[in-house]
Amino acid sequence: MLDIKELFPVPVGIVENENIDQSEHKLLLDTGYRTVTGNGTTPFLGTTSQHILNKLDIPNTREFIETALKEYAIRTLCTEEPLRITNSWCIKYQNTPQILAEHRHPNSIISDAYYVSASLDQSAGLTFFKQIGYNCHTGAEMPFIMWNQMDKYQNNYTYTWQMIPATTGRLVLFPSWMLHGINGPASN
């Protein structure tokens, strides 16, 4: 069942795939990859295709993602209009720092991250950043602070960032305009 978390408060959907098709996950991990620098300086491996859900024969994984996407759209956008997946790709890290610079997906409505192979102790989660003011996103850039005891008042509405842990089979859905990135240790 999809669980909606309110961050900043922005609805972020989290759902666990309880029926993982291991052969489909293996296919995703073994497909063609190339070195990508992305919008940062740390290279990672990215799939050669930007349409991986259409290219590979992974019907169970695709259905899981599409079902969650439809529920997220109904519950957060209040629409049952069918949404179309326009891009899909995989990234993986092999003995390199898990870093992906903060970014948005401006040509989309909803974005998601699905973890094909991840562990709580070795995988960087997905970090979201709060938009505080015009062209600002972190507390350090906040033009003013209303009180000096921020720790006392920390909650989902006041956090300046929040990280969703990565674990195999987890799908995280969020508005595409939301600033997000990855920052973690070197691992596979």
Side-chain angles (χ1 to χ4, degrees), residues 1-7 9-34 36 38 44-96 98 100 103 105 108-128 156 162-178 180-188:
M1 172 182 269
L2 178 71
D3 184 23
I4 300 286
K5 301 288 185 196
E6 292 180 353
L7 303 179
V10 175
V12 173
I14 302 171
V15 60
E16 309 295 335
N17 187 349
E18 297 181 10
N19 298 309
I20 295 172
D21 186 321
Q22 295 298 337
S23 64
E24 291 183 5
H25 276 208
K26 183 172 177 6
L27 192 59
L28 285 163
L29 291 171
D30 294 343
T31 193
Y33 284 85
R34 60 184 167 76
V36 178
F44 55 87
L45 296 176
T47 51
T48 54
S49 172
Q50 294 291 302
H51 307 282
I52 207 76
L53 286 176
N54 291 330
K55 181 181 177 193
L56 297 179
D57 185 24
I58 51 173
N60 298 319
T61 303
R62 182 179 176 96
E63 180 181 2
F64 169 73
I65 292 170
E66 287 178 335
T67 300
L69 175 63
K70 182 177 180 179
E71 183 180 349
Y72 181 81
I74 290 169
R75 293 180 60 191
T76 64
L77 300 176
C78 300
T79 183
E80 292 190 34
E81 290 294 321
L83 297 178
R84 184 170 54 96
I85 297 174
T86 55
N87 291 64
S88 57
W89 62 93
C90 294
I91 62 173
K92 64 181 174 179
Y93 296 89
Q94 291 184 318
N95 296 319
T96 58
Q98 299 173 74
L100 188 58
H103 65 284
H105 300 245
S108 299
I109 298 169
I110 298 171
S111 293
D112 68 65
Y114 178 68
Y115 294 95
V116 175
S117 178
S119 65
L120 291 173
D121 61 333
Q122 294 184 354
S123 301
L126 184 60
T127 301
F128 294 102
N156 285 346
Q162 186 71 258
M163 191 269 294
I164 306 295
T167 184
T168 300
R170 176 169 286 167
L171 178 67
V172 181
L173 301 105
F174 54 96
S176 296
W177 56 262
M178 196 168 180
H180 60 283
I182 302 169
N183 189 359
S187 77
N188 287 325

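All values reported here derive from a predicted model rather than from experimental measurement.
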Do other residues, nucleotides or ligands put more than 12 heavy atoms under 6.0 Å from [X] [atom1]?
X: D30; atom1: CG; answer: yes
X: Q50; atom1: CD; answer: yes
X: K92; atom1: NZ; answer: yes
X: R34; atom1: CZ; answer: yes
X: L77; atom1: CG; answer: yes

Measuring from atom [atom1] of [X] to atom [atom2] of [Y], what distance do you get when rounded to the nearest 0.5 angstrom?
X: T167; Y: L120; atom1: OG1; atom2: CG; value: 4.5 Å
X: S117; Y: K26; atom1: OG; atom2: NZ; value: 11.5 Å
X: N60; Y: Q22; atom1: CG; atom2: CD; value: 11.5 Å
X: L171; Y: T61; atom1: CG; atom2: OG1; value: 10.5 Å
X: Q162; Y: L126; atom1: CD; atom2: CG; value: 11.0 Å

Under the criterion side chain to side chain contact (heavy atoms under 4.5 Å, CB included), I'd like the reasoning laid out for N19 against F64: C-alpha separation, chi angles, the key distance, then a yes or no. CA-CA 9 Å; N19 298 309; F64 169 73; over 6 Å; no
Over all heavy atoms of both residues, which pair between [X] and [Y] is shortest? Give the atoms and the distance, please.
X: I182; Y: Y93; result: CD1-OH, 4.1 Å
X: I20; Y: H25; result: CG2-CE1, 3.4 Å
X: S123; Y: A166; result: CB-CB, 3.9 Å
X: D57; Y: E24; result: O-CG, 4.3 Å
X: L28; Y: Y33; result: O-OH, 2.8 Å
X: I4; Y: G13; result: CD1-CA, 4.2 Å

For [Y], does its backbone N or O pair with a side-chain atom of [X] as donor and acceptor, under 3.5 Å?
X: T168; Y: A118; value: yes
X: S88; Y: L53; value: yes
X: Q98; Y: Q122; value: yes
X: H105; Y: W177; value: no
X: T31; Y: L27; value: no
X: T47; Y: C90; value: yes

Would you indicate whether the side-chain heavy atoms of [Y] and [X] approach each other to under 4.5 Å?
X: K55; Y: W89; answer: no
X: N183; Y: M163; answer: no
X: T67; Y: V15; answer: no
X: I164; Y: F128; answer: yes
X: L173; Y: T76; answer: no
X: I58; Y: D21; answer: no
X: L69; Y: I110; answer: yes
X: S111; Y: M178; answer: no

Going through the checks in order, is the side chain to side chain contact (heavy atoms under 4.5 Å, CB included) test met by N54 and R62? CA-CA 9 Å; N54 291 330; R62 182 179 176 96; 2.8 Å; yes
For residues Y72 and D112, is any side-chain donor paired with an opposing acceptor at under 3.5 Å?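 Judged by distance alone, the side chains do not pair up.
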